[in-house]
Amino acid sequence: MSRYCTLHLEGDALPFDLDRTLSCGQVFRWEKKGHWWCGVLGQKPVLIRQEGDLLHFSGAPEEDISRYFDLDLDLEEILAGFPDDPILLQAIDSAYGLRIVRQPAWECTASYIVATFANIPGIQTRLKLLCERFGERIGDGHTAFPSPEKLAASPLCDIRSCRVGYRDKYLCGTAAILSADHGWEERIAALPYRDARRELLRLPGVGKKVADCILLFAFHRFEAVPVDVWIDRIMRTHYLEEDTRYSYDRIADAARQIFGPNAGYAQEYLFAAREMIPDMRKK
DNA sequence: GGTAGACCTGACGA
DNA sequence: GTCGTCAGGTCTA
């Protein structure tokens with residue numbers, strides 16, 4: 001491991017909370033060992049820790065760290081632009097400094113295909129197995145995320161041995177499509193939100209929720225609002241009429257209407273604070 | 001365009 | 001130890 005560097009957080013880089021950013025459930029491969037978070041950026045093993053306004057790290061150049069954690073984004077402005085809403089304010093207070101990281105598009109896509117209908121510890125186990133089995137060794141016991149080419153060329157039974165269950169064919173199918181479609185990332189990035197989502201929905205294993213996760217976490221389309229069971233619950237019990245039926249799009253549209261153009265960020269704070277937000281159904 | 005049922009698996013609590 | 005429930009949903013009919 002190379003020498004440590006220190007980044008002084010100031011200006012737009014604040015607020016930033018490394019622990020909240022890496023433990024909120026948006027990424028699955030970072031591991032905390034002692035005070036240090038261990039992870040992989042691209043093909044490089046990275047160590048990183050935060051001490052107040054100082055970010056100590058090794059394994060990657062400062063610009064990669066800054067870009068990954070989106071430290072040029074004026075987060076304060078986004079948070080200040082949300083409505084004066086008690087539930088969201090509580091969520092922001094409890095997760096203050098959480099930033100949506102810039103995930104590599106393929107890794108994000110594959111991760112959220114694996115993440116469907118599963119819980120976070122299970123997702124972490126599966127991704128770890130996939131990386132150990134198919135990822136390139138990059139030193140220090142780390143592996144890069146498996147390439148789409150590698151997964152596309154692997155037998156389904158090998159993929160399934162990573163305990164991904166019925167998602168094996170989705171993962172393999174999407175890997176085959178994307179590995180043959182160079183430039184898909186640029187194309188998605190250039191499309192308006194609705195068109196980009198429509199494109200992603202053509203991939204096997206990618207429904208509305210996963211497409212919104214990809215757009216939010218990899219492409220930073222902050223109007224994308226992934227509606228999972230938790231957000232569904234929170235929106236129904238606190239923002240909508242509880243006994244009415246709502247489709248996925250109606251809930252996402254309602255979130256955009258209530259929280260504005262950065263509703264995806266609001267969603268992430270609500271998700272991070274999900275355990276604290278009362279579930280009216282239990283009353 | 002909306003709905004119901006099936007679905008791998010593992011974490012977690014009773 | 002065992003069992004039931006639930007989980008960052010998608011697909012098919």
Side-chain angles (χ1 to χ4, degrees), chain A residues 20-31 91 95 98 100-101 103 105 107-130 132-133 155-175 177-178 194 197-222 224-237 243-255 263-277 279 281-282:
Chain A
R20 287 170 176 165
T21 295
L22 292 181
S23 64
C24 72
Q26 62 175 318
V27 285
F28 306 105
R29 290 234 295 148
W30 287 90
E31 233 180 308
L98 183 164
I100 295 177
V101 306
Q103 295 190 42
E107 177 171 344
C108 184
T109 302
S111 296
Y112 280 93
I113 287 175
V114 168
T116 58
F117 198 30
N119 51 37
I120 292 176
I123 299 162
Q124 290 168 329
T125 304
R126 288 163 182 163
L127 289 175
K128 191 172 181 178
L129 289 170
L130 280 168
E132 284 170 357
R133 173 130 196 167
L156 274 186
C157 57
D158 285 358
I159 296 176
R160 190 150 198 160
S161 71
C162 299
R163 301 177 201 168
V164 296
Y166 61 86
R167 305 166 193 82
D168 55 357
K169 55 188 177 295
Y170 302 151
L171 202 49
C172 195
T174 290
I177 292 170
L178 295 183
R194 298 279 175 187
R197 193 172 81 155
R198 195 176 307 123
E199 279 280 302
L200 291 172
L201 286 172
R202 292 158 59 181
L203 300 170
V206 177
K208 290 175 178 175
K209 158 67 170 55
V210 172
D212 277 331
C213 285
I214 298 166
L215 289 169
L216 179 61
F217 298 132
F219 292 94
H220 275 206
R221 305 296 274 272
F222 297 149
V225 180
V227 180
D228 61 11
V229 292
W230 293 95
I231 296 302
D232 182 279
R233 233 168 258 169
I234 293 168
M235 289 299 294
R236 275 176 208 278
T237 55
D243 294 326
T244 310
R245 295 191 72 88
Y246 294 96
S247 67
Y248 180 100
D249 284 327
R250 279 195 68 185
I251 293 176
D253 286 340
Y265 241 106
Q267 178 275 162
E268 197 52 20
Y269 272 85
L270 290 172
F271 182 80
R274 62 194 179 281
E275 307 281 6
M276 303 174 45
I277 298 173
D279 182 356
R281 300 174 318 158
K282 291 176 181 169

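The chains referred to below are lettered A, B, ... by the order of the sequence lines, with proteins before strands, and numbering in each begins at 1.
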Exercise. Using both distances under 3.5 Å as the test, list the Watson-Crick or G-U wobble partner of C:dT2, or none.
Key: B:dA14
Exercise. Look at the side chain of A:Arg126 and the backbone N and O of A:Arg163, then say whether any donor-acceptor pair between them is shorter than 3.5 Å.
Key: yes
Quiz item: Heavy atoms under 4.0 Å, any strand shown: does A:Leu201 hit a base, just sugar-phosphate, or nothing?
Solution: nothing
Practice problem: Starting at atom CG of A:Leu171, determine the distance to atom C1' of B:dT9, rounded to an integer number of angstrom. | Solution: 15 Å
Quiz prompt | d(CD1, A:Ile113; C1', C:dC11) in whole Å | solution = 13 Å
Quiz item: What is the per-nucleotide protein-contact pattern of nucleotides 4-9 of chain C, from the 5' end, where B denotes a base atom under 4.0 Å from a protein heavy atom, S denotes such proximity for sugar-phosphate atoms only, and - denotes neither?
Solution: ---BBB
Quiz item: What is the pairing partner of C:dG8, taking Watson-Crick or G-U wobble pairs with both distances under 3.5 Å in any strand?
Solution: none
Quiz item: What is the distance from CG of A:Leu200 to C1' of C:dC11, rounded to the nearest Å?
Solution: 17 Å
Quiz prompt | For atom NZ of A:Lys128 and atom C1' of B:dG10, their distance in whole Å | solution = 15 Å
Self-check item: Span that lies between the P atom of B:dG13 and that of C:dG8, in whole angstrom
Solution: 13 Å
Exercise. Report the residue from A:Val229, A:Ile277, A:Asp228 that forms a side-chain contact (heavy atoms from CB on, under 4.5 Å) with A:Ile234.
Key: A:Ile277
Self-check item: Whole-angstrom distance between C:dC6 and B:dC8, as gauged at atom C1'
Solution: 14 Å
Quiz prompt | Passing candidate, salt bridge (charged side-chain N to carboxylate O under 4.0 Å, His left out) with A:Lys208, options A:Asp232, A:Asp249, A:Asp253 | solution = A:Asp249
Exercise. Grab the two heavy atoms, one from A:Leu98 and one from A:Cys24, that are nearest each other, plus how far apart they are.
Key: CD1-CB, 3.6 Å
Quiz item: Which heavy atom of A:Ile113 sits nearest a heavy atom of A:Pro204, and at what distance?
Solution: CD1-O, 3.8 Å
Quiz item: Under 3.5 Å, side chain of A:His220 to main-chain N/O of A:Leu215, donor-acceptor pair present?
Solution: no
